[in-house]
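Order of the sequence lines sets the chain letters (A, B, ...), proteins ahead of strands, with each chain counted from 1.
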Number of protein chains: 2
Amino acid sequence: MGRRGDHSIEQIKEMALDAAETIVREQGYHHLSTRKIAKAIGYTVGTLYMVFENLDELILYLNGRTLDQLYEVIEPLVQRQDDPKRCIHEMTHTYLNFALQNRSRWNMVFEHRLPEGKDVPGWYPNKISELFNLLETPLRQLHQGESEQEIALKARVLWSSVHGICALALTHSLQHLGFDSPEPMIESLLKQNL
Amino acid sequence: MGRRGDHSIEQIKEMALDAAETIVREQGYHHLSTRKIAKAIGYTVGTLYMVFENLDELILYLNGRTLDQLYEVIEPLVQRQDDPKRCIHEMTHTYLNFALQNRSRWNMVFEHRLPEGKDVPGWYPNKISELFNLLETPLRQLHQGESEQEIALKARVLWSSVHGICALALTHSLQHLGFDSPEPMIESLLKQNL
DNA sequence: ACCTGAACACCGTTCAAGT
DNA sequence: ACCTGAACACCGTTCAAGT
């Protein structure tokens with residue numbers, strides 16, 4: 001067998017990522033496997049290793065897509081330059097909704113770890129950085145006169161805090177802690193920090 | 001073969017948990033397997049299923065232990081009733097240190113998910129709840145006159161925020177975000193919230 | 001009653017062999 | 001050059017069979 005030439009490498013890459021996204025969405029991160037992906041796109045596992053270094057790299061690209069999608073829905077909100085507080089409220093609310101509505105994929109972004117020693121390619125933390133930076137514009141308006149260093153710190157602390165609440169919401173831990181929704185927690189956080 | 005009777009069920013359970021703890025500590029969560037645990041305690045995999053329902057349950061007990069250990073180091077700090085702010089600083093600092101020094105096990109507490117539909121036994125979220133409650137005492141002193149509901153909310157928001165920062169610190173994400181230590185982020189958070 | 005060993009249905013990854 | 005199929009070294013879980 002061999003040599004079909006039905007698709008270019010780029011095409012196979014995209015087909016694989018699409019298939020993987022569907023599997024994660026429908027069955028969850030831990031049910032994703034190279035064999036399932038290969039079967040879904042009509043190729044054998046070996047072919048995946050022509051296109052990706054390994055499963056970890058494939059997941060990295062998939063997480064990159066997820067981060068891009070989040071950026072796409074958050075970035076437009078920054079334009080609302082008139083009311084920085086409201087802007088931040090909308091950003092966190094959008095973040096929360098995105099995480100809840102793309103539960104499995106969002107989980108994967110935070111649960112996936114590269115094997116000891118291997119570290120992520122530069123473009124990946126860049127995507128995260130860009131997301132964090134989105135908060136800086138409204139925060140700069142809100143805390144005028146503060147140094148850029150201070151604004152950057154505030155943005156990172158705020159995102160991390162929202163993420164922490166969100167992480168607990170995703171594990172259903174909140175229910176056991178006496179809260180059935182993360183919204184009031186986010187509100188409390190923002191009231192304190194804005 | 002069969003029927004050795006060298007150890008009681010309780011003993012095997014403890015041996016298995018000890019062995020699992022060592023494997024996680026030395027090789028990380030994702031390298032933990034029933035076969036490795038069984039080999040380490042000198043039994044076959046089958047025996048583990050006499051003692052635990054499955055690997056998920058074993059991990060749940062292990063995570064329970066980790067939560068207990070964290071409680072043991074945090075609880076004594078609550079006694080310091082004189083200065084609630086300083087008390088909270090010490091609690092978060094201790095939490096952070098614990099997470100950093102028990103990286104793999106702490107990761108496991110937050111990464112481990114039960115299969116869809118299965119939910120955790122009541123004693124597990126109780127342990128988490130007790131940890132959250134530890135923050136309530138100093139917070140009550142700090143925000144006198146506020147309702148218990150409000151204090152509980154504040155405690156949960158604060159712990160979640162610290163956890164969010166800590167989670168980013170554990171993934172080394174912070175380095176890429178321009179911070180080599182979570183300490184200044186925690187400081188900024190507490191300055192804002194206390 | 002307790003424990004084993006083998007089996008089943010899965011994994012990720014590699015690579016000689018085929019077209 | 002591209003792709004397969006089989007192999008290797010692993011998984012979690014079950015259960016007939018042995019003592």
Pair assignment for D:dC8, Watson-Crick or G-U wobble, requiring both distances under 3.5 Å:
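Checking every strand shown, D:dC8 finds its partner in C:dG12, with both distances under 3.5 Å.
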
D:dG18 pairs with which nucleotide, Watson-Crick or G-U wobble, both distances below 3.5 Å?
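Here D:dG18 is engaged in a pair, and the nucleotide opposite it is C:dC2.
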
Candidates [options] - which lies nearest the side chain of [X]:
X     : options               : value
B:N54 : C:dT14, D:dT13, D:dC3 : D:dT13
A:Y49 : D:dT4, D:dC3, C:dT14  : C:dT14
A:L55 : D:dT14, C:dC3, C:dT13 : C:dT13

What is the separation between atom [atom1] on [X] and atom [atom2] on [N], rounded to the nearest whole Å?
X     : N      : atom1 : atom2 : answer
B:E57 : D:dG12 : CD    : P     : 15 Å
B:L48 : D:dT14 : CG    : P     : 13 Å
A:Q27 : C:dC10 : CD    : P     : 12 Å
B:I37 : D:dG12 : CD1   : P     : 8 Å
B:K13 : C:dC2  : NZ    : C1'   : 17 Å
A:M15 : D:dC3  : CE    : P     : 10 Å
A:F52 : D:dC2  : CZ    : P     : 16 Å
A:D56 : C:dG12 : CG    : C1'   : 10 Å

Integer angstrom distance from the C1' of C:dA9 to that of D:dC10
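C:dA9 and D:dC10 have their C1' atoms separated by 13 Å.
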
Would you classify [X] as touching base, sugar-phosphate or nothing, given that sugar-phosphate means primed atoms plus P, OP1 and OP2, and contacts are heavy atoms under 4.0 Å?
X     : answer
A:G5  : sugar-phosphate
A:L32 : sugar-phosphate
B:I12 : sugar-phosphate
B:S33 : sugar-phosphate

Strictly below 4.0 Å: does [X] bring a side-chain N or O up to OP1 or OP2 of [N]?
X     : N      : result
A:Y43 : D:dC3  : yes
B:R35 : D:dT13 : no
B:R4  : C:dT4  : yes
A:T34 : C:dT13 : no

Under the salt bridge (charged side-chain N to carboxylate O under 4.0 Å, His left out) rule, what do A:E136 and A:K154 come out as? Steps first, then yes or no, please.
CA-CA 8 Å; A:E136 293 184 5; A:K154 278 195 161 69; over 6 Å; no

Cation-pi check, A:R4 to A:Y43: give yes when NZ or CZ is under 6.0 Å from the six-membered ring centre and within 45° of the ring axis, no otherwise.
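Because its charged atom sits under 6.0 Å from the ring centre and within 45° of the axis, A:R4 does stack over A:Y43.
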
If you draw the axis of the six-membered ring of B:Y71, does the NZ or CZ of B:K127 fall within 45° of it and under 6.0 Å from the ring centre?
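No, a cation-pi geometry is absent between B:K127 and B:Y71.
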
So do A:M91 and A:Y95 actually touch side chain to side chain, heavy atoms under 4.5 Å?
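They are not in side-chain contact.
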
I want to check something: taking the side chain as every heavy atom from C-beta on, are A:R105 and A:Q69 in contact at a cut-off of under 4.5 Å?
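Yes. Closest side-chain heavy atoms under 4.5 Å.
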
Taking the six-membered ring for Trp and the single ring otherwise, decide whether the centroids of A:W123 and A:Y61 are under 6.0 Å apart.
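Yes, the ring of A:W123 comes within the 6.0 Å limit of the ring of A:Y61, centre to centre.
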
